[in-house]
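In what follows, a structure is listed as C-alpha cells, so that the remarks can point back to it.
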Amino acid sequence: MCGTTDTPVVIGEDGEEIDHSVLESPTAMRGMHDIENEISYPSNPRFVFHDSRGFEAGSTDEMDKVRNFIAQRSAQRDLKDRLHVIWYCVPMDSRRILSTAESAFFEKGTGDVPVIVLFTKWDGQVVHAFSDLKQQGREPLDASREAPHHAMGIFEKYYLPAITNVSHPPADYVLLGNMNKEEASCSELAERTANAMSNGILSKLFISVQETNIQISMKNAIESAIRQYIPTRWPTSFDNSQSKAAVMVYSTTLWFYHIYVRLKSNN
C-alpha cells in the first residue's frame with residue numbers, strides 16, 4: 001500500500017494470523033490466498049482490505065467466490081463487517097486489455113457497493129508508448145517527451161471503453177504509476193473513493209481515518225461548509241448568526257472523527 005512500508009498483518013477466517021508471504025506469492029500458496037482473509041497495516045489498522053486472486057480465463061471459481069463475498073458482506077448489519085468499496089485492479093504493464101473473464105465482472109452489478117477501477121503500473125504503459133514511438137522513427141528525446149500523451153491516447157481508445165461500455169460501469173477510475181516508491185501518493189484514489197460513496201457518514205469516516213492525508217479532510221470539510229452554510233444571497237439580518245456559526249463549526253469537525261475519538265479517550 002502507498003503511504004506505508006509496514007509489513008501487512010493478515011488474519012484468516014478463523015481469526016488466526018497468517019504469514020504475510022501469502023500476499024507476495026499467491027500462485028505458490030493458492031489455497032491460502034483467500035478473499036476472506038483480512039489485511040491491515042500497523043500504521044492505520046482501521047483500514048481492512050480483502051484481496052482476491054485474478055479471474056483466470058475459462059474459470060468461474062474465483063468469480064463465484066468474489067460474488068458470494070460481495071453479497072454476504074453487503075448484507076451485514078454492522079458497519080465494521082460490511083464491504084464499503086471495491087478497488088478493481090487492472091495492470092497496465094502488459095499489452096492486453098481485459099480478458100473475457102475480467103469483463104464479465106462488469107456485466108453484473110455489485111449492489112450498493114461502488115467500484116473504482118485502479119489502472120496500476122501506468123508507468124509501464126508509458127514505457128510501451130515510448131517503444132512504439134521509437135519504432136515509428138522518433139528520436140529518443142522526442143519519444144520520451146511524447147510518450148505520456150501517446151499512452152493516454154491508447155488508454156482512452158482501448159482501455160477506457162472496456163470498462164465504460166458495459167452493463168454496470170464503475171463509479172470512477174484512477175491511473176496509478178510508480179507505486180513501488182516510498183513517496184507514492186494515494187490522494188487522488190482516496191478522494192475519488194470518498195466521492196463514490198453514496199453514504200455521507202461513511203464517506204466522512206473513510207476520509208477521516210486517513211490521518212496521513214489530512215488535506216482531503218480539510219478540503220471536504222470546507223467544501224461541505226460552503227455548500228450548506230454560505231448563502232447564495234446575503235440575508236437582510238443576522239439575528240441568529242452566532243448559533244449558525246456554531247453549527248457550521250461543529251459540522252466541519254465531523255470530517256475529523258479520529259481527532260474526536262482520541263480527545264475523548266484521553267479524558
Query raised in the report: Hey, mind stepping through Phe106 and Val115 against side-chain contact (heavy atoms from CB on, under 4.5 Å) and telling me if it holds?
Result: CA-CA 9 Å; Phe106 298 99; Val115 178; 4.2 Å; yes
Requested in this report: Treat each ILVMFWY residue as a node, draw an edge where side-chain heavy atoms are under 4.5 Å apart, and state whether Val113 and Val48 are in one component.
Outcome: no
**Report entry** same_hphob_cluster(Val166, Leu160) at 4.5 Å side-chain heavy-atom cutoff
**Finding:** yes
Query raised in the report: Is the shortest heavy-atom distance from the side chain of Ile39 to the side chain of Val9 under 4.5 Å?
Result: no
Query raised in the report: So, do Glu38 and Phe49 sit near enough that their side-chain heavy atoms are less than 4.5 Å apart?
Result: no
[Y] backbone acceptor or donor facing [X] side chain under 3.5 Å:
{"X": "His128", "Y": "Asp93", "result": "yes"}
{"X": "Asp14", "Y": "Glu16", "result": "yes"}
{"X": "Asp142", "Y": "Arg138", "result": "no"}
{"X": "Ser144", "Y": "Pro140", "result": "no"}

Query raised in the report: Using the ring of each side chain (for Trp, its six-membered ring), is Phe69 parallel, tilted or perpendicular to His50, with breaks at 30° and 60°?
Result: tilted
**Report entry** Ring centroid separation Phe105 to Tyr88 under 6.0 Å
**Finding:** yes
Query raised in the report: Are Tyr159 and Tyr173 near enough that their ring centres are under 6.0 Å apart?
Result: no
In Å, rounded to the nearest 0.5 Å, how long is the span from [atom1] of [X] to [atom2] of [Y]?
{"X": "Ile86", "Y": "Arg73", "atom1": "CD1", "atom2": "CZ", "value": "12.5 Å"}
{"X": "Arg67", "Y": "Ile35", "atom1": "CZ", "atom2": "CD1", "value": "11.0 Å"}
{"X": "Ser52", "Y": "Ile70", "atom1": "OG", "atom2": "CD1", "value": "8.5 Å"}
{"X": "Leu118", "Y": "Leu176", "atom1": "CG", "atom2": "CG", "value": "5.0 Å"}

Report task. Over all heavy atoms of both residues, which pair between Pro170 and Ile163 is shortest? Give the atoms and the distance, please. Result -> CD-O, 3.0 Å
Report task. Please report the closest heavy-atom contact between Lys134 and Ala143, naming both atoms and the distance. Result -> CG-CB, 3.9 Å
**Report entry** Other residues, nucleotides, ligands: >12 heavy atoms within 6.0 Å of His168 NE2
**Finding:** yes
**Report entry** Glu107 CD: over 12 foreign heavy atoms closer than 6.0 Å
**Finding:** yes
Requested in this report: Dump the intermediate steps for ring-ring contact (aromatic ring centres under 6.0 Å, His included) on Phe47 and Tyr41, then the final yes or no.
Outcome: CA-CA 8 Å; Phe47 274 122; Tyr41 292 83; 9.8 Å; no
